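Report on the following structure.
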Number of protein chains: 2
Amino acid sequence: MSKPSQHQRKIKQNMKHRDNHSVCIKTALSRAEKRCAEDGQRFTGLRRQVLELVWAEHKPAKAYDLLATLSSIRSGVAPTTVYRALDFLQERGLVHKIESLNAYVGCSQPDTDHCGHFLICEACSEIKEIENSRVSSWLEQAAQDEDFIIKSETVELIGLCVRCQPLYGERATP
Amino acid sequence: MSKPSQHQRKIKQNMKHRDNHSVCIKTALSRAEKRCAEDGQRFTGLRRQVLELVWAEHKPAKAYDLLATLSSIRSGVAPTTVYRALDFLQERGLVHKIESLNAYVGCSQPDTDHCGHFLICEACSEIKEIENSRVSSWLEQAAQDEDFIIKSETVELIGLCVRCQPLYGERATP
DNA sequence: TTTGGGAAAGTAATATTATAACGATAAGCG
DNA sequence: CGCTTATCGTTATAATATTACTTTCCCAAA
Ligand SMILES: [Zn+2]
Ligand SMILES: [Zn+2]
Ligand SMILES: [Zn+2]
Ligand SMILES: [Zn+2]
């Protein structure tokens, strides 16, 4: 169990981040731009807008919600439009799909080659990509017991985030 | 890395199992029957048939494929029919949904309360539920670093099973 | 044995998520 | 500039899943 002080610290971190979320978006966009330039890929207006919408919150974005929002700022938008952009962004590692929600989220570490592992709050929907590669090596171990070679991983942990625990569940430490 | 002998042993285990798969089905059905009886739930003909079809192979079963097959052995089958049976079976822990495939698979350890963790072969589709609870405790650790409380886990590892590695990928040990 | 209440299944319609096919446009390149 | 190809627009349709309402069936109490 974590100490109360640590718990409070985490909550503060989280609140501070929420105040500065525009930084996340800017960072994500400039990284994407750089990354596409390096690969000789075109980071078009459409792709930029979709990535921007995906990053609008730290929550999973549904394709048809993106479609609706996008329609309000651009004409001739169909499902294909959104899915094509999402495919492009996923191929470049800029966006992950959350399989258990049929939703999409911006990658917070697009400079490394990885499968996303996520913590998803069932109360507030906030989603966090785990930055820890220990998980992958643990899973490798488990797979090796069966002589199985992993190519990609879907890891989505549903539960309560640090802010929602006092409201909806057991708190970490009273 | 595992030794060649171990690799061969795994392959033999696997082949033997394929010859005796009817045992899996029978076991699954009788467990389900017992389990429902204990809970005071009705294990109806429909539910039994759906569970039987889910268990027909060690592969993920798609809802609309179940629907088609079921239609051939019973009349008045609609999507609702299948989804209701699947919901029932999931609630009782007899079936898991594979989120990354939109498909369903029989639980191989319905007597324990757990989230399924899966190895899924991308070559032959064979799927295996990992029986190892180490994984859960590892994931708990990772979540604790973020003061996150896990309620449920989606863990789906895609790759190559022991039989398909020589055909499609690097072998474990030449 | 009858009968009433609730669970299960039937039925129809619709919502949600995703892809296919093909033509029009625009960016990059020699 | 004209060529090539990636991108995007447009339309249609496939695949997955749920809602709402009705009918049937089981079981247990009277
Ligand atoms: Zn990522
Ligand atoms: Zn939360
Ligand atoms: Zn299971
Ligand atoms: Zn295989």
Side-chain angles (χ1 to χ4, degrees), chain A residues 32-33 35-51 53-54 59-92 94-105 125 154 156, chain B residues 32-33 35-54 60-92 94-105 125 154 156:
Chain A
E33 198 156 12
R35 176 135 201 157
C36 288
E38 286 166 2
D39 295 6
Q41 299 291 331
R42 290 167 53 198
F43 192 53
T44 64
L46 177 62
R47 289 164 178 175
R48 165 181 290 272
Q49 283 179 326
V50 170
L51 184 57
L53 291 176
V54 167
K59 296 181 181 177
K62 309 281 281 180
Y64 274 73
D65 291 344
L66 295 172
L67 172 58
T69 310
L70 197 60
S71 291
S72 70
I73 56 177
R74 163 187 277 266
S75 72
V77 182
T80 326
T81 317
V82 171
Y83 283 107
R84 275 200 290 233
L86 288 172
D87 285 348
F88 173 88
L89 296 168
Q90 283 177 264
E91 278 160 17
R92 309 258 133 15
L94 301 167
V95 158
H96 296 289
K97 179 173 185 186
I98 307 300
E99 298 289 353
S100 59
L101 298 175
N102 293 319
Y104 304 82
V105 68
S125 296
T154 298
E156 299 167 7
Chain B
E33 197 156 11
R35 178 135 202 157
C36 289
E38 286 167 3
D39 296 4
Q41 299 291 330
R42 290 166 53 195
F43 191 53
T44 64
L46 177 63
R47 288 164 178 174
R48 165 181 291 272
Q49 282 179 328
V50 170
L51 185 58
E52 220 165 342
L53 292 176
V54 167
K62 309 282 280 181
Y64 274 72
D65 291 345
L66 295 173
L67 172 57
T69 310
L70 198 59
S71 291
S72 71
I73 56 178
R74 163 187 278 268
S75 72
V77 181
T80 327
T81 316
V82 171
Y83 283 108
R84 275 200 291 234
L86 288 172
D87 285 349
F88 173 88
L89 295 168
Q90 283 176 265
E91 279 161 17
R92 308 258 134 13
L94 300 167
V95 158
H96 296 289
K97 178 172 186 187
I98 307 300
E99 298 289 353
S100 60
L101 299 175
N102 293 322
Y104 304 82
V105 68
S125 296
T154 297
E156 299 167 7

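Note: hydrogens, waters and symmetry copies are ignored here, and every other heavy atom, side chains too, is used. Remember, predicted model here, so these are calculated numbers, not experimental data. All chains are named by letter (A, B, ...) in the order of the sequence lines, taking the proteins before the strands, and each is independently numbered beginning at 1.
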Exercise. Rounded off to whole Å, could you give me the CZ-to-P distance for the A/Arg84 and C/dT19 pair?
Key: 12 Å
Quiz item: Is there a stack between A/Tyr83 and C/dT19, judged by ring centres under 5.5 Å and planes under 30°?
Solution: no
Quiz item: Do any side-chain nitrogens or oxygens of B/Lys97 fall under 4.0 Å of OP1 or OP2 in D/dT16?
Solution: no
Quiz item: How do B/Asp65 and B/Arg42 order along DNA chain D: which one's closest nucleotide is nearer the 5' end?
Solution: B/Asp65
Quiz item: Within this structure, what is the CG-to-P distance between A/Leu89 and D/dT7, rounded to whole angstrom?
Solution: 12 Å
Quiz item: What nucleic acid atoms does B/Tyr104 come within less than 4.0 Å of, heavy atoms only: base, sugar-phosphate, or nothing?
Solution: sugar-phosphate
Quiz item: Base, sugar-phosphate, or nothing for B/Arg47, non-hydrogen atoms under 4.0 angstrom?
Solution: sugar-phosphate
Self-check item: Minimum-distance nucleotide (side-chain atoms of B/Gln41 versus C/dT11, C/dA8, D/dT10)
Solution: C/dA8
Quiz item: For the side chain of B/Lys62 and the backbone of B/Leu101, is there at least one donor-acceptor N/O pair under 3.5 Å apart?
Solution: yes
Quiz item: Is a donor-acceptor contact shorter than 3.5 angstrom present between the side chain of B/Thr80 and the base of C/dA12?
Solution: yes
Exercise. Select from B/Pro79 and B/Gly45 the residue whose nearest nucleotide in DNA chain C is closer to the 5' end of that strand.
Key: B/Gly45
Exercise. May I ask you to verify whether the side chain of B/Tyr64 and the base of D/dA17 hold a donor-acceptor pair under 3.5 Å?
Key: yes
Quiz item: Counting only distance, no hydrogens or angles, is the base of D/dG9 paired donor-acceptor with the side chain of A/Arg74 under 3.5 Å?
Solution: no
Quiz item: Under a 4.5 Å cut-off applied to non-hydrogen side-chain atoms, are A/Arg35 and A/Gln41 in contact?
Solution: no
Quiz item: Which pair of heavy atoms, one from B/Tyr104 and one from B/Gln90, lies closest together, and at what distance?
Solution: CE2-OE1, 3.7 Å
Quiz item: Is the NZ or CZ atom of A/Arg84 positioned over A/Phe88's six-membered ring, under 6.0 angstrom from the centre and within 45° of the axis?
Solution: no
Quiz item: Can you check whether B/Ser100's main-chain N or O pairs, donor with acceptor, with B/Glu156's side chain at less than 3.5 Å?
Solution: yes
Self-check item: Phosphate contact (D/dA15 OP1 or OP2) by B/Lys62 side-chain N/O below 4.0 Å
Solution: no
Quiz item: Under 4.0 Å: is that the gap between some side-chain N or O of B/Asn102 and OP1 or OP2 of D/dA15?
Solution: no
Quiz item: Expressed in angstrom and rounded to an integer, what is the separation of A/Leu46 atom CG from C/dA27 atom C1'?
Solution: 15 Å
